[in-house]
Amino acid sequence: MTSEEIYRKMKARLAAFYSDEELRQKAEIADEINQLKQEKNAVILGHNYMEPALFLSVCDYTGDSLELSRKAAKTDKDIIVFCGVEFMAETAKILNPEKTVLIPAQKAGCSLAESVTAEDVRLLKKQFPGVPVITYVNTYADVKAECDLCCTSGNAAKVVSSLKDRAVIFLPDEYLARNVARQTGKQIIFPKLRAETKGKSEHEPDDQMIGWQGRCEVHEKFGTQDIADIRKQFPAAAILAHPECSPDVTAAADFAGSTSAMIKYVEETEASQYLLLTECAMGDNIAAAYPKKEILRMCRQRCPHMEKITLETTLNALKYRQYVIEVPEDIRVRAAHSVERMLAIG
Ligand code: 13P
Ligand code: SF4
């Protein structure tokens, strides 16, 4: 596709989000990225939260964390440019140790990944010996290495149910854990972490989920009042929430699911309007992809980490081979076990 063709494609879908001048500039950058991608034998994976111009023009694959992990596991390209946050790029590296994995911005973090350390997991394991540890994919490699199994928002309940154990440790998202506990019929507890564990744990876990109090700084801001306000104004609107929202919010919404599950819901249903309680770039991407659907544009939550990934930073990533993701081999091997176990469950 030439720069002019990219511009026309962007103009047709994204005129509501950018000025004409911005679209022309972005089309030129996208054209340069696409050429470099060919020259360097690279693949670009783009999370559903990427800004619309990037999402539409340069990604070979787009999707939620689970879908992108699957694509990363299968690619035969030499370079993976991960347009998402660091834990996602790290997951791609864990699955592809011999490939170069690039993330276009340094410090594209995640409040959930930052909420728990490998040492925290080691202490929890001492406190609850023998209890399997499931970690949300929104964690860093050293945490994944301490765990038995990973999950994403797309398969968390399935992963928990796949274990025969009646008790599980589920890290680090408090709200996802509460949502999954409700789905799987488990009681959830949030024990105090103890540096020293003498003898038996203070809780005898049985049909319990042992949680952690990490939160997504974007999704924790949505409340049931947001839903009540929308229902008053648009009674027939379908309200969708990501499971990183509180259980009160997911219970009051019409649908809760991963970012791709939400996209599928919009695609397959016929509501008069849709409201998405998630990161706002995704609402823009859905509005651009389904112009006949009315997406309520009341969004105010942009992820400050996802926002660092732009067409401009992606171009620099390919031009200057930056920023390279490295994972120490001993950690990678153990983390790969958790991620691969998850991919096998589906
Ligand atoms: P998904 O796996 O649903 O895409 O979610 C990732 C994420 O970070 C949501 O905030
Ligand atoms: Fe992390 Fe929340 Fe941003 Fe997703 S939206 S990357 S969970 S901070």
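Both counts, for ligands and for their atoms, begin at 1 and track the order of listing.
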- request: Please identify which atoms of ligand 1 are closer than 4.0 Å to at least one heavy atom of H242.
  value: 1 (P), 3 (O), 5 (O), 9 (C)
- line: Note: ligand 1 atoms sitting under 4.0 Å from heavy atoms of N138 are 7 (C), 8 (O)
query: Going by atom types only, do Y140 and E86 share a side-chain donor-acceptor pair under 3.5 Å?
result: no
message: With heavy-atom distances below 4.0 Å as the criterion, list the atoms of ligand 2 near N138.
response: 7 (S)
- prompt: Can an N or O of T152 be found at a distance shorter than 3.5 Å from an N or O of ligand 1?
  reply: no
message: Return the closest protein heavy atom for atom 7 (S) of ligand 2 as residue, atom name and distance.
response: E244 OE1, 3.2 Å
query: What residue and heavy atom of the protein are closest to atom 6 (C) of ligand 1, and at what distance?
result: S65 OG, 3.4 Å
message: I'd like to know whether ligand 1 has H219 as a neighbour, heavy-atom separation below 4.0 Å.
response: yes
- prompt: For atom 3 (Fe) of ligand 2, which protein heavy atom lies nearest, and how many Å away is it?
  reply: C303 SG, 2.5 Å
- line: atom 8 (S) of ligand 2 sits nearest the protein heavy atom S111 N, 3.7 Å
- request: Check each atom of ligand 1 against the heavy atoms of Y49 and keep those under 4.0 Å away; list them by number with element.
  value: 9 (C), 10 (O)
- request: Pull out every atom of ligand 2 sitting under 4.0 Å from any heavy atom of L112, numbered as shown with elements.
  value: 7 (S)
task: Run the numbers for me: atoms of ligand 1, each under 4.0 Å from some heavy atom of S258, listed by number.
output: 3 (O)
message: Less than 4.0 Å is my threshold; does some heavy atom of H47 fall inside it relative to ligand 1?
response: yes
task: Could you find the nearest protein heavy atom to atom 10 (O) of ligand 1 and give me its residue, atom name and distance?
output: E244 OE1, 2.8 Å
